[in-house]
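Take a look at the structure below.
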Protein chains: 2
Amino acid sequence: MSNKNFSRKEQILESAAMLFKQNGYASSSMRDLASLLGIEAASLYHHVKSKEEILENICFALADKLITSIAEVNDIYFNAEEKLRSAIKNHIEIITDNSNFSAVFIHEWRHLSEPKLGEFKTLRLAYENEFKVIIQEGIREDIFDGVDEKFATLTILSTLNWVIEWFNKDGEMTPEEISTKLSDFILGGLRKKLVTDLDYKP
Amino acid sequence: MSNKNFSRKEQILESAAMLFKQNGYASSSMRDLASLLGIEAASLYHHVKSKEEILENICFALADKLITSIAEVNDIYFNAEEKLRSAIKNHIEIITDNSNFSAVFIHEWRHLSEPKLGEFKTLRLAYENEFKVIIQEGIREDIFDGVDEKFATLTILSTLNWVIEWFNKDGEMTPEEISTKLSDFILGGLRKKLVTDLDYKP
DNA sequence: AATTTTGTCTAACATCTGTTAGGGATATGA
DNA sequence: TCATATCCCTAACAGATGTTAGACAAAATT
């Protein structure tokens, strides 16, 4: 596979992600995608094996990025709060940096069929687990409340993933600002805190 | 429209919601829906005008329930924290009680076409606004942190809506328990609190 | 008993779907 | 210069899609 071919495939994946984000996977036809690229539908099959292969490539590309990123966070030693803040920051960075891919990763994965569907779920579970480990560590270090770990993990991730619903590269907030706000919210909650709070950082 | 007709239509909507939740609106065919009801696809058109009318009915039914519910909360006087807890409780009650309809309401509304799409967005915005008013009240009463109101509102709603992703009527947690956990999490955050916290309730 | 209404059926339509076959042009490498 | 690989094309397929027309039986109403 030559360089040119590879970059053409990347173009296809990027256009597909944009299309799938906007209309959903099932409502996006290969003809729609082709016309977005200025070619005929049949020509797509020179670069991809099937429509589903496109979905697979998008979903797994993002899964890989997220898993690589959180493995790094967990490797470096920080206390749990710092780890959580890093994990949140990385997550937000990745999904805002790849907003089309992420939207597909988050919403369209269920259109995968077996065996890829199973593999995908495994990867996603692995990622969630790395997050859960951080929460558990925080509880062990006694800096997090003894909340239901699984519940907390999934609540946090759903909050993070919601960002792609409204994020706009030209919008008011930078990914960095979003991460900080979300971290503060997740750690501190809505209720007003006294300055005597344990570890309270404004 | 007779009683029997009406109840048949309700059956159709309920089956459709189940189907749309499982496969998505675009991937669910009228023939799929019909066979779920034990009839032929053409027979559906005696009860509904089109496939999209089904989607409309589902989306707007849930929008109405939510809006009615939060209007009641805002009418009765409570302090902001109580109001927020009530709003959260009602929201969770409604979406767990109508889990198929809610899933469609949350995920499939974008397949509506104009003008219904616009009307739907208006209703949803109205609901979000009622939530925002509660947050603003809490800030005015100085019991909530002076967070970005819009940001906080949408973060909270995304957290609540995520519940339909995993909620199961026969599962471990009751809607009541879910509401409490979520309220605590949203208000108090993850970080451990000292008992000297303002208004801290365990 | 006669008539209308209701709910379903079969048959068919036009259009859209993912995908394949095979051909032709351009660029690459020997 | 010749052979090969790359990229796109047209044409077509088989099946699925939402929807309509019209017929028929059962039920409700008169």
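All chains are named by letter (A, B, ...) in the order of the sequence lines, taking the proteins before the strands, and each is independently numbered beginning at 1. Below, all heavy atoms of this structure are taken into account, side chains as well, without hydrogens, waters or symmetry copies.
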Run the ring pair (Phe, Tyr, Trp, His ring centres under 6.0 Å) test against B/His107 and tell me which residues pass, sequence neighbours left out.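 If we apply the ring pair (Phe, Tyr, Trp, His ring centres under 6.0 Å) test to B/His107, skipping adjacent residues, there are no hits.
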
Basic-acidic side-chain contact under 4.0 Å: A/Asp184, A/Arg85: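 Counted as a salt bridge, because a side-chain N and a carboxylate O are separated by less than 4.0 Å.
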
Would you kindly give the [atom1]-to-[atom2] distance between [X] and [N], to the nearest whole Å?
X	N	atom1	atom2	answer
B/Tyr45	C/dT6	OH	P	21 Å
A/Leu55	C/dG18	CG	C1'	14 Å
B/Ile39	C/dT10	CD1	P	12 Å
A/Glu52	C/dT19	CD	C1'	14 Å
B/Glu40	D/dT17	CD	P	14 Å
B/His46	C/dT6	NE2	C1'	5 Å
B/Glu53	D/dT19	CD	P	10 Å
B/His47	C/dT5	NE2	C1'	12 Å

Minimum heavy-atom distance B/Ile94-B/Ser69, with the two atoms named: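 For B/Ile94 versus B/Ser69, the nearest heavy atoms are CD1-CB, 3.6 Å.
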
Position toward the 5' end of DNA chain C (nearest nucleotide), A/Lys49 or A/Asp32: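 Residue closer to the 5' terminus by nearest nucleotide: A/Asp32.
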
May I ask you to check whether A/Phe101 and A/Phe105 place their ring centres under 6.0 Å from each other?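 Distance test on ring centres: not under 6.0 Å, no.
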
Ring-ring centroid check B/Phe20 B/His111, cutoff 6.0 Å: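 Here the rings of B/His111 and B/Phe20 have centres that are no less than 6.0 Å from each other.
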
Less than 3.5 Å between a donor and an acceptor, one on the side chain of B/Arg31 and one on the base of D/dG18, is that the case here?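 In this structure, the two groups form a donor-acceptor pair.
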
The side chain of B/Ala42 lies closest to which of these nucleotides: D/dA21, C/dT19, D/dT10?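 It is D/dA21.
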
Looking only at side-chain atoms of A/Arg8, point me to the closest of D/dC8, D/dC9, C/dT10.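 Selected nucleotide (nearest to the side chain): D/dC8.
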
Think A/Ser43 has a side-chain N or O under 4.0 angstrom from the OP1 or OP2 of D/dC7?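 The answer is no; no side-chain N or O of A/Ser43 sits under 4.0 Å from OP1 or OP2.
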
Looking only at side-chain N and O atoms, does B/Ser29 come under 4.0 Å of OP1 or OP2 in D/dT17?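 So the side chain of B/Ser29 is within the cut-off, an N or O lying under 4.0 Å from OP1 or OP2 of D/dT17.
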
Once you apply a heavy-atom cut-off of 4.0 Å, does B/Ser27 come out as touching a base, just sugar-phosphate, or nothing?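 Answer is nothing: B/Ser27 stays at 4.0 Å or more from every strand.
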
